Amino acid sequence: MTVVGRSVTGAAPATVLRKRPELWRRLIANHRVAVGASVVLLFAVAGLLAPLVSPADPEAQILRDRLQAPGAAHWLGTDGLGRDMLSRAIYGARVSLSVGLVAMVISVTIGSAIGVIAGYVGGRTDNFLMRVVDVFISIPIFFLLIAVLSIYGSSLQLLIVFLGLSAWPGTARLVRSVVLSLRTTEFVQAAHAVGARSGRIMVRHILPNVAPVIIVSATLRVGAVILQESALSYFGLGVQPPTPTWGNMVADGRIILDVAWWVSTIPGVLIVVTGLAFNFAGDGLRDVLDPRRRGPNE
């Protein structure tokens, strides 16, 4: 009996290995994955290469150029301090995507671990962990983040940690529901029969079968975290100026929206496009990785 990528004895079956090119073909052929991943990759590369591709210093203030509309001199215009909007948007992509990705790793790691343990062990352990999840879900997370950041102050490191710790319950519930259906399957029972320890079964046999669900959850989580960071930055509780993020760029232009629409609109559009791109990629991955959603010939 085999699991995803491994047999009960830990060997990778040849049939699964032969299916990997087919998986890549389906990923490339899925339009939502292609579009979402392309947009995310474009923003990520721009952020990583910001010092090379940015036309100006994102923090350089040239007051004589303040509030210039998008044009030949400044493709995306300038803000109220004369800073180049294109440069700030490129550097903002670096910070916003970093916050989203690192916070996602924290939340998905914690949620997956708790979900696997709760679903596999069951009994009192499952009841206790799920009650903890219920408590976290009942708390309005956004207002909790506002309160915590108001007390402890806002820095990039704290923001990432708090966003990561606030988002794990949804992943935990999702993973637990899948593990509950897996723990009674034949390959798990076979692993028990040959004397495999519970820890080994969870890591070597259960977790690889839950990986597609975790991957989809992770892609959707990044977009949500970026939106949360942007909202916190809008209220002055996110990454602090002069470090540019898309959220604090939106906040910078909110009081001059009637005379300089581009200052808030451009980073706002980037936030929306990035969130949609991650959602597109997540939906496409769900279609590709879930066999129930494939066509009869796939």
Side-chain angles (χ1 to χ4, degrees), residues 36-37 40 43-44 47 93-120 125-126 128-149 151-152 154-180 202-203 206-235 237-239 245-247 271 274-286 289:
V40 171
F43 289 164
R94 170 187 287 187
V95 178
S96 295
L97 288 175
S98 297
V99 170
L101 290 171
V102 178
M104 175 272 293
V105 170
I106 295 173
S107 66
V108 169
T109 300
I110 296 173
S112 299
I114 291 177
V116 169
I117 294 171
Y120 180 77
T125 301
D126 182 26
F128 172 75
L129 292 176
M130 287 302 101
R131 297 300 76 76
V132 173
V133 169
D134 291 340
V135 170
F136 269 85
I137 290 178
S138 67
I139 300 173
I141 294 301
F142 185 74
F143 294 106
L144 176 63
L145 288 171
I146 291 177
V148 171
L149 291 173
I151 295 171
Y152 292 101
S154 53
S155 67
L156 182 59
Q157 294 77 12
L158 282 178
L159 182 65
I160 291 173
V161 170
F162 289 145
L163 285 172
L165 292 177
S166 67
W168 61 267
T171 301
R173 273 191 166 181
L174 182 63
V175 170
R176 170 185 175 269
S177 66
V178 178
V179 174
L180 286 174
M202 285 188 283
V203 173
I206 296 289
L207 194 57
N209 284 273
V210 186
V213 175
I214 296 174
I215 292 171
V216 174
S217 175
T219 57
L220 298 176
R221 176 52 49 194
V222 176
V225 170
I226 290 175
L227 290 174
Q228 287 181 325
E229 182 276 326
S230 302
L232 290 170
S233 295
Y234 183 84
F235 290 109
L237 296 172
V239 180
T245 70
W246 293 338
I271 292 170
T274 304
L276 289 175
F278 276 108
N279 286 342
F280 265 51
D283 287 342
L285 283 171
R286 181 184 59 195
L289 297 175

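Quantities reported herein were computed from a predicted structural model and do not represent experimental measurements.
Between the CD1 atom of Ile117 and the OG1 atom of Thr125 there is a distance of 9.0 Å, given to the nearest 0.5 Å. The line from CG of Leu145 to CZ of Phe235 is 12.5 Å long, rounded to the nearest 0.5 Å. The distance from the CG atom of Leu158 to the CG atom of Leu163 is 10.5 Å, given to the nearest 0.5 Å. Note that the CD1 atom of Ile214 and the OG1 atom of Thr171 stand 8.5 Å from one another [nearest 0.5 Å].
Not a single ring-ring contact (aromatic ring centres under 6.0 Å, His included) links Phe162 to another residue, sequence neighbours left out. Qualifying ring-ring contact (aromatic ring centres under 6.0 Å, His included) partners for Phe142, counting only residues two or more places apart in sequence or in other chains: none. Ser233 meets the side-chain hydrogen bond (donor to acceptor under 3.5 Å, both in side chains) test with Glu229; sequence neighbours excluded. For Leu156, the side-chain contact (heavy atoms from CB on, under 4.5 Å) partners at least two apart in sequence or on another chain are Val95, Val99, Ile160, Val239. Partners of Thr219 according to the side-chain contact (heavy atoms from CB on, under 4.5 Å) rule, which considers only residues two or more places apart in sequence or in another chain, are Leu285.
Minimum interatomic distance between Gly238 and Leu159 (heavy atoms only, all atoms of both residues): CA-CD2, 4.1 Å. Trp168 approaches Val133 most closely through the heavy-atom pair CZ3-CG2, 3.5 Å. Considering every non-hydrogen atom in both Asn279 and Leu220, the closest pair reads OD1-CD2, 3.4 Å. In terms of heavy-atom proximity, Val175 sits nearest to Gly115 at CG1-C, 3.9 Å. Minimum heavy-atom separation, Val40 to Ala277: CG2-CB, 3.8 Å. Nearest heavy atom pair, residue Ile114 against residue Ala172, reads CG2-CB, 4.2 Å.
Here the side chains of Leu97 and Thr274 are in contact, with some heavy-atom distance below 4.5 Å.
For residues 169-180, the salt bridge (charged side-chain N to carboxylate O under 4.0 Å, His left out) pairs, not counting sequence neighbours, are Asp126-Arg176, Asp134-Arg173.
Remark: side-chain polar atoms of Ser107 are paired, donor with acceptor, to backbone N or O of Met104 under 3.5 angstrom.
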